[in-house]
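To start, the structure itself, in structure tokens.
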Amino acid sequence: MARHLITSALPYINGIKHLGNMVGSMLPADVYSRYLRQRGHDVLYICATDEHGTPAELAAKERGLPVDEFCAQAHDAQKAVYDGFALAFDYFGRSSSAENRDITQHFARKLNENGFIEERAIRQVYSPTDGRFLPDRYVEGTCPHCGYDKARGDQCENCTRVLDPTDLIEPRSAISGSTDLEVRETKHLFLLQSKLQHEVEEWVARHEQDWPQLASSIARKWLTEGLHDRAITRDLDWGVPVPADTWPELAAEGKVFYVWFDAPVEYIGATKEWADQNPADRDWKSWWYEADDTVRYTQFMAKDNVPFHTVMFPATELGVREPWKKVDYVKAFNWLTYYGGKFSTSQKRGVFTDQALDILPADYWRYFLIANAPESDDSSFTWEHFTATVNKDLADTLGNFVNRVLSFSRKRFGDEVPAGGEPGEAETRLGEEIASLLAEYETQMEALQFRKAASALRALWSAGNSYLEEKAPWLEIKTDKDAAALTLRNAMNLIHLYAVVSEPFIPSSSAAMRAAFALPDDTATWITPEEARTLTTLQPGIPFTVPPVLFAKLTDEDLETYKARFGGTDA
């Protein structure tokens, strides 16, 4: 089987992420990783907290903590939430690790050796009030492109254009709010992306036809506008230091690398962190070095991260002139909005992941978010839509089916799977329908079309209800007990199938369904369409229990409570 390397965009360290962050990177990466593992592939899913840059320093200052202590606490807090969402990372690292520092510095040295880094004197914003230069996010102001008045000095959150602090209109210090700013000369390292433009264009051209249109169009837009040489160092106290053996003057001044230079390297760094925990059994380099023919690499991210992963980091990897693995497939997502407005960490708008887990178990959120993933366009979160989806798909279609079948069978046949008669025409039709729907589910999962995969999974659940309504075992038992037993045994086999194939979406609920049956050797990681056609996994006599209610229906009172807490009007 193939080796699959999976990464999702690194969540930034300054605070718990919102649902938009979750569905735009980590959750779909987890769903895909789980699916691939079930199909027998060798999978490595890597992620980490992105801990360098000005927001980390600003957040630490606001908390009154040293930045390293703040990052350590924030990493643990984020990891606890991701554990709550059942994200099955193989490793969740930290970009402040020694491994990332060493590999980032190695990349910088190689780029310099190959003529792709240049030291330049530039004019940079300086705040006399703060007594320091103000890099990127330490400067706020109005975006010159769209007029957004809370743009940061590295990127406008509103229009996603990449900026320099000196681009901003009416700039102010993010530390003190002072508008008494000067422009002074200082030295920084520049990545000469302009010299790599042609190579990046050739690389993108070889891959973009396979990527979603969203990813390829963003990459192509950047290339059409032309790659510009970009400063890759900053005046900060926290970050990967410029190596003194190569740039002694800048190192003495305390320069560190720009967060967007070292953050993508952390995918490699975190893999080495993972390997360093068990070096006898783990070979990190086989996933990243000379791995083009042995590893398929898929990245997951929201659209604002696409330029850095499809243009800037590939330029870095190309310029190093070493055979580092580059991404094969970029799964990009649009925005999940909250009643038409943006989720925003900085402005605390929308539902945040820790709050979500306080309200309902993770599977409710996992299913809703993936079933409504913003793939082809932005999608909107509303409490009305969330409640309706939970009630219709999870509570009524899946949960009610499981409860009806197991409760009725226990009441009429006891605590073992009943035998019943021989399958008939209805069972043949059911087998063909399940096989077809499961094949569709596999096709969409392989294509990373998550909304379509969720639709196929929902159709699988619905097929069970249709079969139950057609056969009506509560009526069959009055005239033909064996026929009713056969219906219930087939329905139980469907429950077991649902438990296996639903695991990427709703892992906790799938485990509960699977645990309902005391199979002596339940080692199945997947059920193929051909196997599903006969539905014979559960043989008569296997003990079973009725699990607790899988999904509680949400009431109108619940809906009003959620809207009162989080707001429920158009933003």
Side-chain angles (χ1 to χ4, degrees), residues 1-13 17 25-52 68 71-107 240 259 261-301 305 309 313 316-317 320 322-329 331 504 507:
M1 286 291 186
R3 302 174 79 210
H4 286 268
L5 175 64
I6 311 289
T7 64
S8 51
L10 309 186
Y12 201 73
I13 196 66
K17 304 300 112 177
S25 58
M26 291 173 284
L27 180 55
D30 178 73
V31 171
Y32 187 54
S33 298
R34 286 176 176 274
Y35 171 76
L36 290 175
R37 290 190 193 104
Q38 286 187 273
R39 301 307 308 273
H41 296 289
D42 186 7
V43 177
L44 184 64
Y45 177 21
I46 294 292
C47 194
T49 39
D50 181 4
E51 300 188 7
H52 293 141
D68 58 343
C71 287
Q73 292 181 11
H75 170 87
D76 290 346
Q78 286 199 27
K79 181 60 165 58
V81 173
Y82 305 145
D83 288 344
F85 267 85
L87 301 183
F89 305 116
D90 287 286
Y91 189 75
F92 186 71
R94 301 181 61 188
S95 69
S96 60
S97 69
E99 289 87 348
N100 190 46
R101 177 200 64 211
D102 293 345
I103 298 172
T104 297
Q105 291 179 340
H106 170 79
F107 271 38
V240 173
V259 63
F261 183 75
D262 83 86
V265 179
E266 170 59 8
Y267 297 127
I268 306 173
T271 308
K272 190 171 189 302
E273 293 171 51
W274 163 79
D276 286 348
Q277 290 191 346
N278 193 355
D281 298 327
R282 297 173 179 175
D283 178 12
W284 69 273
K285 219 167 187 180
S286 71
W287 290 94
W288 284 103
Y289 201 80
E290 296 181 337
D292 282 346
D293 297 330
T294 59
V295 174
R296 178 167 175 80
Y297 178 20
T298 307
Q299 286 182 335
F300 291 79
M301 69 199 67
N305 286 322
H309 291 79
F313 188 52
T316 297
E317 289 185 291
V320 169
E322 293 178 336
W324 293 98
K325 178 67 181 176
K326 288 172 278 295
V327 65
D328 294 301
Y329 191 85
K331 178 62 177 179

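Note that the structure is predicted; figures quoted are calculated from it, not measured.
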Problem - Check against side chain to side chain contact (heavy atoms under 4.5 Å, CB included), R39 and H4 - result: CA-CA 12 Å; R39 301 307 308 273; H4 286 268; over 6 Å; no
[X] to [Y] - nearest heavy-atom pair and separation:
| X | Y | answer |
| --- | --- | --- |
| A270 | I46 | CB-CG2, 3.5 Å |
| M26 | C47 | CG-SG, 4.3 Å |
| S286 | V295 | O-CG2, 3.9 Å |
| A9 | M301 | CB-CB, 3.9 Å |

Problem - Residues in ring pair (Phe, Tyr, Trp, His ring centres under 6.0 Å) contact with W324, at least two apart in sequence or another chain - result: F107, Y289
Exercise for the section: With sequence neighbours left out, write down each residue that passes ring pair (Phe, Tyr, Trp, His ring centres under 6.0 Å) with F313, or none if nothing qualifies. Expected result: none
Under 4.5 Å between any side-chain heavy atoms of [X] and [Y], yes or no?
| X | Y | value |
| --- | --- | --- |
| T271 | L44 | yes |
| Q38 | P504 | yes |
| K285 | E290 | no |
| P11 | Y82 | yes |
| F92 | H75 | yes |
| S96 | R101 | no |
| L27 | L87 | yes |
| H41 | R3 | no |

For [Y], is there any backbone N or O sitting under 3.5 Å from a side-chain donor or acceptor partner on [X]?
| X | Y | result |
| --- | --- | --- |
| D30 | A88 | yes |
| Y12 | H52 | yes |
| R94 | D50 | no |
| S95 | E51 | yes |

Quick check for you: to the nearest 0.5 Å, what is the distance between [X] atom [atom1] and [Y] atom [atom2]?
| X | Y | atom1 | atom2 | answer |
| --- | --- | --- | --- | --- |
| K272 | I268 | NZ | CD1 | 12.0 Å |
| Q78 | C71 | CD | SG | 10.0 Å |
| N278 | R282 | CG | CZ | 5.0 Å |

Practice task
For the pair K326 and E317, find out whether any cationic side-chain nitrogen is under 4.0 Å from an anionic carboxylate oxygen.
Solution key: no
Practice task
Look at D90 together with R37 and state whether they make a salt bridge at an N to O cut-off of under 4.0 Å.
Solution key: yes
Practice task
Under the side-chain hydrogen bond (donor to acceptor under 3.5 Å, both in side chains) rule, what do E273 and S97 come out as? Steps first, then yes or no, please.
Solution key: CA-CA 8 Å; E273 293 171 51; S97 69; 2.9 Å; yes
Looking at residues at least two apart in the chain, or sitting in another chain, which of them share a side chain to side chain contact (heavy atoms under 4.5 Å, CB included) with [X]?
| X | answer |
| --- | --- |
| D292 | K325 |
| A74 | I13, F70 |
| T104 | N100, V240, F257, F261, D262, V265 |

Problem - Pairs involving residues 78-89, ordered by first then second residue, that meet salt bridge (charged side-chain N to carboxylate O under 4.0 Å, His left out) (sequence neighbours left out) - result: K79-D83
Exercise for the section: Apply the side chain to side chain donor-acceptor pair (under 3.5 Å) test between T7 and each candidate in Y267, Y45, Y297; give the one that qualifies. Expected result: Y297
Exercise for the section: Report the C-alpha distance between Y329 and Q299 in whole Å, list the side-chain angles of each, state the deciding distance to 0.1 Å, and finish with yes or no for side chain to side chain contact (heavy atoms under 4.5 Å, CB included). Expected result: CA-CA 6 Å; Y329 191 85; Q299 286 182 335; over 6 Å; no
Problem - side chain to side chain contact (heavy atoms under 4.5 Å, CB included) between W274 and F89, worked out - result: CA-CA 11 Å; W274 163 79; F89 305 116; over 6 Å; no
Exercise for the section: Report the C-alpha separation of L5 and V327 in whole Å, then their side-chain angles, then the decisive distance to 0.1 Å, and conclude whether the side chain to side chain contact (heavy atoms under 4.5 Å, CB included) test is met. Expected result: CA-CA 9 Å; L5 175 64; V327 65; over 6 Å; no
